Amino acid sequence: MRGGLWQLGQSITRRLAHGDKKTVACRYFANEAELKKTVLYDFHVANGGKMVPFAGWSMPIQYKDSIMDSTLNCRENGSLFDVSHMCGLSLKGKDSVQFLEKLVIADVAGLAPGAGSLTVFTNEKGGAIDDSVITKVKDDHIYLVVNAGCRDKDLAHIEEHMKAFKAKGGDVSWHIHDERSLLALQGPLAAPVLQHLTKEDLSKMYFGEFRVLDINGVQCFLTRTGYTGEDGFEISIPSESAVDLAKAILEKSEGKIRLTGLGARDSLRLEAGLCLYGNDLEQHITPIEAGLTWAIGKRRRAEGGFLGADVILKQLEEGPKIRRAGFFSSGPPPRSHSEIQDEGGNTIGEITSGGFSPCLKKNIAMGYVKSGLHKAGTKVQIIIRGKSNEGVVSKMPFVPTKYYKPS
């Protein structure tokens with residue numbers, strides 16, 4: 001969904017505040033009958049969730065509180081997100097690591113069992129098909145989650161290459177976890193609240209690590225990760241137990257952790273400087289241009305062996321022509337596709353995501369500019385609705401991350 005979930009949420013909030021429910025229903029819910037629903041749909045509605053179409057699903061954009069308040073509460077206490085629209089899958093077989101390394105930039109073989117990493121599926125030109133969090137459960141079992149909006153093309157891409165790989169004798173198979181739901185628990189209270197629901201010692205589980213364990217009496221896949229910049233977890237649970245787990249988390253937090261929608265999720269990830277596929281990452285953007293060089297394992301830089309490696313490794317050596325950068329700006333919040341100019345009025349790039357930061361109380365954005373103009377402190381002009389607004393390149397993340405790592 002291009003243009004920003006934050007802006008969509010604000011639009012819906014304004015219309016509902018003015019009693020314009022008919023327009024909201026027509027504009028945002030016209031195809032509701034065709035939309036897929038997670039098992040928590042009724043739970044969202046019962047708790048005041050404002051449901052909108054997103055990647056073919058009916059998802060909550062926000063609840064009874066504002067997106068601003070919801071964002072701040074995640075940073076101060078915690079948030080519970082339903083992200084069951086995303087696609088979890090497992091690759092199994094003795095050659096599953098070898099197979100996956102043909103499709104992604106990560107050093108999957110170098111991951112310890114139970115360890116994971118952000119990675120990028122690339123095409124033959126080095127562009128990003130999707131970004132994904134992958135985990136090596138065991139040497140013959142990889143668990144990964146792909147974006148809802150990319151599900152169909154990702155699965156088709158994986159299946160096409162899997163058929164060719166197996167035809168040559170490769171041992172790999174897959175299972176798509178449509179029987180499971182996915183909850184994201186984020187914020188300072190995520191670990192202490194979740195600890196009430198499991199016997200495992202979560203203090204010994206660090207950022208990026210994966211466990212199979214019982215939570216609320218049900219076997220779950222637990223990954224210490226998230227999309228907010230806060231400490232937190234993603235919990236894959238059999239769908240029939242998802243609502244009970246959501247209720248238990250909210251109850252154990254004594255009201256401090258709140259159900260949170262896609263609007264706040266978008267502002268949180270933007271404050272954390274994280275890419276949204278379809279805005280900040282696309283088929284024509286390489287991981288180097290996107291500032292994800294760190295996700296390319298050292299061995300992969302030396303050996304290549306993934307789709308588009310020739311393009312990506314050349315960019316590593318020579319440098320890319322464009323780079324992703326962060327921005328502060330004056331005036332209205334920048335929107336996707338807002339033009340970026342240098343001080344002389346020359347076009348140097350465009351905004352890919354932007355909005356008002358609830359935590360910093362000012363406009364933030366990210367976008368792509370010509371290399372050399374991506375350095376912090378570079379002054380720019382951002383064109384919004386035909387008017388020029390002062391901006392400056394900023395380092396990211398805008399809000400410091402709080403990932404739980406060994407001290």
Side-chain angles (χ1 to χ4, degrees), residues 5-10 12-14 16-17 37-52 54 57-86 181-198 202 215-216 220 222 224-237 241-272 274 355-361 399 401-404:
L5 293 165
W6 187 88
Q7 286 90 348
L8 175 60
Q10 295 301 99
I12 293 176
T13 301
R14 286 192 298 271
L16 288 172
K37 297 176 180 178
T38 76
V39 295
L40 288 106
Y41 176 87
D42 291 339
F43 184 67
H44 296 314
V45 173
N47 283 276
K50 298 179 177 72
M51 311 303 287
V52 301
F54 181 78
W57 294 78
S58 181
M59 299 297 294
I61 190 83
Q62 65 184 104
Y63 294 83
K64 295 175 183 177
D65 53 353
S66 69
I67 291 175
M68 294 273 287
D69 289 343
S70 196
T71 301
L72 293 171
N73 187 68
C74 182
R75 301 263 184 241
E76 294 168 4
N77 296 301
S79 289
L80 182 64
F81 303 88
D82 177 13
V83 289
S84 304
H85 59 309
M86 299 181 74
S181 294
L182 191 63
L183 300 176
L185 178 60
Q186 300 284 292
L189 296 182
V193 167
L194 193 61
Q195 189 64 76
H196 288 300
L197 300 173
T198 183
L202 298 179
I215 300 174
N216 204 37
C220 298
L222 184 68
R224 198 154 196 162
T225 188
Y227 194 48
T228 65
E230 297 293 319
D231 180 29
F233 304 87
E234 290 187 355
I235 310 162
S236 174
I237 183 168
S241 301
V243 173
D244 287 343
L245 177 58
K247 290 178 178 177
I249 289 170
L250 297 176
E251 181 183 327
K252 291 295 182 182
S253 79
E254 299 179 341
K256 291 183 178 179
I257 289 175
R258 299 180 197 165
L259 287 170
T260 307
L262 294 174
R265 187 169 166 84
D266 195 47
S267 59
L268 287 159
R269 70 92 193 167
L270 182 56
E271 289 181 338
L274 301 173
F356 181 79
S357 165
C359 294
L360 300 179
K361 303 293 188 289
V399 174
T401 55
K402 299 174 184 174
Y403 303 129
Y404 182 69

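Only a predicted model underlies this, so the values are computations on that prediction, with no experimental measurement involved. All values below were derived from every heavy atom in this structure, side-chain atoms included, with hydrogens, water molecules and symmetry-related copies excluded.
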Asker: Please list all pairs meeting salt bridge (Lys or Arg N to Asp or Glu O under 4.0 Å) that have one or both residues in residues 245-256, counting only residues at least two apart or in different chains.
Answerer: none
Asker: Given 3.5 Å as the limit, does a donor-acceptor pair link the side chain of Arg75 with the main chain of Leu268, or not?
Answerer: yes
Asker: Only counting residues at least two apart or in another chain, list the ones meeting side-chain contact (heavy atoms from CB on, under 4.5 Å) with Thr38.
Answerer: Leu40, His44, Trp57, Met59, Asp82, Ser84
Asker: Can you measure from CD1 (Ile249) to CG (Leu183) and round to the nearest 0.5 angstrom?
Answerer: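 Result: 6.0 Å between the selected atoms.
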Asker: Less than 4.5 Å apart, side chain to side chain, heavy atoms only: is that true for Thr260 and Leu80?
Answerer: no
Asker: Give, for atom CE of Met86 and atom CG of Leu182, the distance between the pair rounded to the nearest 0.5 Å.
Answerer: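 With rounding to 0.5 Å, CE (Met86) is 7.0 Å from CG (Leu182).
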Asker: Ser79 and Gln186: side-chain hydrogen bond (donor to acceptor under 3.5 Å, both in side chains), yes or no, with the steps?
Answerer: CA-CA 5 Å; Ser79 289; Gln186 300 284 292; over 6 Å; no
Asker: I'd like to know if the side chain of Arg269 and the backbone of Leu274 have a donor-acceptor N/O pair within less than 3.5 Å.
Answerer: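 Yes; judged by distance alone, with no hydrogens or angles, the pair exists.
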Asker: Looking only at heavy atoms, which two atoms of Leu270 and Gly355 are closest? And how far apart?
Answerer: CD2-N, 3.8 Å
Asker: Please check this pair: side chain of Asn47 against backbone of Phe43, looking for a donor-acceptor N/O pair closer than 3.5 Å.
Answerer: yes
Asker: Do the side chain of Thr401 and the main chain of Tyr403 share a donor and acceptor less than 3.5 angstrom apart?
Answerer: no
Asker: To check you understand the geometry: which heavy-atom pair defines the closest contact between Ser267 and Ile67, and what is its length?
Answerer: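 Taking every non-hydrogen atom into account, OG-CG2, 4.3 Å.
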Asker: Would you compute the distance between atom SG of Cys220 and atom CD1 of Ile215 and round it to the nearest 0.5 angstrom?
Answerer: 4.5 Å
Asker: When rounded to the nearest 0.5 angstrom, what is the spacing between NE2 in His196 and CG in Asn216?
Answerer: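 Result: 12.5 Å between the selected atoms.
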Asker: Quick test of your reading of the model: are Lys37 and Asp42 salt-bridged, counting only N-O distances below 4.0 Å?
Answerer: no
Asker: Do Thr225 and Glu234 pass the side-chain hydrogen bond (donor to acceptor under 3.5 Å, both in side chains) test, and can you show the C-alpha distance, the side-chain angles, and the key distance before you say yes or no?
Answerer: CA-CA 6 Å; Thr225 188; Glu234 290 187 355; 5.4 Å; no
Asker: Does the Thr198 side chain pair with the main chain of Gln195, one donor and one acceptor, at a distance under 3.5 Å?
Answerer: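 Side chain of Thr198 to backbone of Gln195, a donor-acceptor pair under 3.5 Å: no, none is there.
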Asker: Please step through side-chain contact (heavy atoms from CB on, under 4.5 Å) for the pair Ile235 and Leu245, ending with a clear verdict.
Answerer: CA-CA 10 Å; Ile235 310 162; Leu245 177 58; 3.8 Å; yes
Asker: Between CZ of Phe233 and CG of Leu202, what distance do you get to the nearest 0.5 Å?
Answerer: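 So the CZ of Phe233 and the CG of Leu202 are separated by 4.5 Å.
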Asker: Mark yes or no for whether Glu271, through its side chain, and Cys359, through its backbone, hold a donor-acceptor pair below 3.5 Å.
Answerer: yes
Asker: Of all heavy-atom pairs between Ala191 and Arg224, which one has the smallest distance, and what is that distance?
Answerer: CB-NH2, 3.4 Å
Asker: Could you give the distance from CG (Asp69) to CD (Glu76), rounded to the nearest 0.5 Å?
Answerer: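 One finds 9.5 Å between CG of Asp69 and CD of Glu76.
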Asker: Would you say that Asp65 contacts Asn73 through its side chain, given a criterion of any heavy-atom pair below 4.5 Å between the two side chains?
Answerer: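 With C-beta onward as the side chain, the pair stays apart.
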Asker: Is the side chain of Lys50 donor-acceptor paired with the backbone N or O of Tyr63 at a distance under 3.5 Å, no angle test?
Answerer: yes
Asker: Would you confirm whether Ser70, through its side chain, and Ser66, through its main-chain N or O, come within 3.5 Å as a donor-acceptor pair?
Answerer: no
Asker: Take Phe81 and Thr228 through the test side-chain contact (heavy atoms from CB on, under 4.5 Å) and record every step on the way to the result.
Answerer: CA-CA 11 Å; Phe81 303 88; Thr228 65; 4.1 Å; yes
